[in-house]
Trainee: 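Before I ask anything, here is the structure I am working with.
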Amino acid sequence: MTQCIDIKDNDGYDLENFVLPTHYARDLERVLIPYGLIRDRIEKLAADIAADCTNPVVACCVLKGAHGFFAHLMESLKKQKDRKAESIPLSFEFIKVKSYENTESTGNVYISLSEEDMKSFKGKDLLICEDIIDTGRTMVALIEKLKKYEPASIRVVSLLLKKTPRSNQYVPEYVGFAIPDLFVVGYCLDYNEHFRDLDHIAVISEHGKQAYAV
Ligand code: IMP
């Protein structure tokens, strides 16, 4: 893994310092990563990825959580140059994966991608773009599935990596931020489909967990 920003257990900012959607007033505990910092860090992730590129890249967005990260990362990657000072040919793919209910991994990983799409990965350099790695179970399952279709390489970039004892020790090639073992929302990360409309990454409050539990 390349270097990343390590966020400590008590890091973060009081909610009063930010303009936040009023409908989440009681549902957040603190802002963990402000939107501006997320965007700055993505610029560097794109530079690091580009520096390692030699071939066209098939960038795979893991839906739904990674769509905001994916859009911003691709915007930055398009402006980057590879090792030969050439721009990087990019194509996009979208993979829908679901494994969580409330704040718990269900243990079952559902991956929706057609056989035809996966066959087209043969011989390609895949860049999987994920929002967060928690236990690592989703990513290991996804990589195992994709490997069967013989891509030339698989690299993973995750905006967040949770520091949790539940981890299966999987670590992606590129990570934006290592975060404490807390349930976070915002910047498209959801809790039962809520909070995707929050720009900053924040820690959900007990009130928020109860208000949006299924
Ligand atoms: P893993 O299989 O435990 O690594 O979980 C990965 C997936 O769980 C991510 O793609 C997210 O959809 C979801 N997830 C894990 N932790 C969080 C969190 O703190 N906030 C929102 N979603 C999370």
Side-chain angles (χ1 to χ4, degrees), residues 1 4-9 11-12 21 24 27-35 38 45 59-73 93-113 126-146 154-214:
M1 180 178 85
C4 77
I5 294 179
D6 185 28
I7 300 187
K8 304 283 189 304
D9 283 1
D11 285 355
Y24 294 136
D27 304 327
L28 305 171
E29 191 188 294
R30 64 192 138 117
V31 169
L32 197 64
I33 315 174
Y35 180 72
I38 299 171
L45 285 174
C60 306
C61 173
V62 181
L63 293 171
K64 297 176 187 173
H67 80 270
F69 171 50
F70 183 78
H72 290 141
L73 183 69
E93 198 62 62
F94 297 87
I95 308 173
K96 198 165 179 183
V97 174
K98 188 163 167 45
S99 63
Y100 263 60
E101 207 163 78
N102 291 332
T103 59
E104 299 298 322
S105 171
T106 59
N108 301 314
V109 180
Y110 304 100
I111 299 168
S112 81
L113 200 60
L126 307 184
L127 176 70
I128 303 175
C129 305
E130 175 64 298
D131 51 359
I132 183 165
I133 307 284
D134 185 346
T135 63
R137 227 181 284 170
T138 305
M139 194 48 68
V140 167
L142 181 58
I143 290 172
E144 283 312 306
K145 182 154 186 172
L146 293 175
I154 302 178
R155 287 181 294 161
V156 176
V157 53
S158 182
L159 181 63
L160 307 176
L161 175 66
K162 214 181 267 190
K163 293 176 279 185
T164 169
R166 298 181 309 281
S167 167
N168 64 4
Q169 306 305 315
Y170 170 77
V171 175
E173 282 75 11
Y174 311 95
V175 172
F177 303 88
I179 64 162
D181 193 6
L182 298 164
F183 200 83
V184 293
V185 292
Y187 190 67
C188 302
L189 285 147
D190 75 307
Y191 173 75
N192 296 329
E193 301 300 329
H194 297 276
F195 300 99
R196 294 197 203 270
D197 54 343
L198 169 70
D199 283 341
H200 311 289
I201 292 175
V203 180
I204 191 171
S205 66
E206 279 310 313
H207 182 277
K209 281 183 195 170
Q210 284 170 20
Y212 299 109
V214 290

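Order of listing sets the numbers, starting from 1, for every ligand and every atom in it.
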Trainee: Under 4.0 Å between a Lys/Arg side-chain N and an Asp/Glu carboxylate O for Asp6 and Lys163?
Mentor: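 The answer is yes: the pair qualifies as a salt bridge.
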Trainee: Between Glu130 and ligand 1, find which residue part has any heavy-atom pair under 4.0 Å and reply side chain, backbone, both or neither.
Mentor: side chain
Trainee: Identify the heavy atoms of Tyr191 and Gly208 that sit nearest to each other, and give their distance.
Mentor: CE2-O, 3.8 Å
Trainee: Is any N or O atom of Ile133, backbone or side chain, closer than 3.5 Å to an N or O atom of ligand 1?
Mentor: no
Trainee: Which ligand 1 atoms are under 4.0 Å away from a heavy-atom of Ile132?
Mentor: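 Near Ile132, meaning under 4.0 Å from one of its heavy atoms, ligand 1 has 6 (C), 9 (C), 10 (O), 11 (C), 14 (N), 15 (C), 16 (N), 17 (C), 18 (C), 19 (O), 23 (C).
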Trainee: Any idea which atoms of ligand 1 are less than 4.0 Å away from a heavy-atom of Leu182?
Mentor: 19 (O)
Trainee: Could you tell me, atom by atom, which parts of ligand 1 come under 4.0 Å of a heavy atom of Lys162?
Mentor: 16 (N), 17 (C), 18 (C), 19 (O)
Trainee: When you look at Asp181 and Arg166, which way does the side chain to side chain contact (heavy atoms under 4.5 Å, CB included) test go after all the steps?
Mentor: CA-CA 9 Å; Asp181 193 6; Arg166 298 181 309 281; 3.2 Å; yes
Trainee: Go through the structure and list residues passing side-chain contact (heavy atoms from CB on, under 4.5 Å) with Cys188, not counting sequence neighbours.
Mentor: His67
Trainee: Can you list the ligand 1 atoms lying under 4.0 Å from a non-hydrogen atom of Arg137?
Mentor: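 It comes down to these atoms of ligand 1: 2 (O), 4 (O).
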Trainee: Between Thr138 and Glu130, is a side chain to side chain contact (heavy atoms under 4.5 Å, CB included) present by the stated rule, with each step listed?
Mentor: CA-CA 10 Å; Thr138 305; Glu130 175 64 298; 4.3 Å; yes
Trainee: For Thr138, counting its heavy atoms only, list the atoms of ligand 1 lying under 4.0 Å from any of them.
Mentor: 1 (P), 2 (O), 5 (O), 6 (C)
Trainee: Could an N or O of ligand 1 be found under 3.5 Å from any N or O of Val184, whether backbone or side chain?
Mentor: yes
Trainee: Can you name the side chain to side chain donor-acceptor pair (under 3.5 Å) partners of Tyr187, sequence neighbours left out?
Mentor: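 With neighbours one apart ignored, the set is His72.
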Trainee: Can you find a non-hydrogen atom of Val97 under 4.0 Å from ligand 1?
Mentor: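 Judged by the 4.0 Å heavy-atom criterion, Val97 does not count as contacting ligand 1.
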Trainee: Give the atoms of ligand 1, by number and element, whose distance to some non-hydrogen atom of Asp131 is under 4.0 Å.
Mentor: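 This gives 9 (C), 10 (O) as the contact atoms.
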Trainee: Passes side chain to side chain contact (heavy atoms under 4.5 Å, CB included), Val185 versus His194? Steps please.
Mentor: CA-CA 8 Å; Val185 292; His194 297 276; over 6 Å; no
Trainee: Within a distance under 4.0 Å of any heavy atom of Asp134, pick out the atoms of ligand 1 and give their elements.
Mentor: 1 (P), 3 (O), 4 (O), 5 (O), 15 (C), 16 (N)
Trainee: The test is side chain to side chain contact (heavy atoms under 4.5 Å, CB included); show your working for Leu160 and Ile33 and say whether it passes.
Mentor: CA-CA 10 Å; Leu160 307 176; Ile33 315 174; 3.7 Å; yes
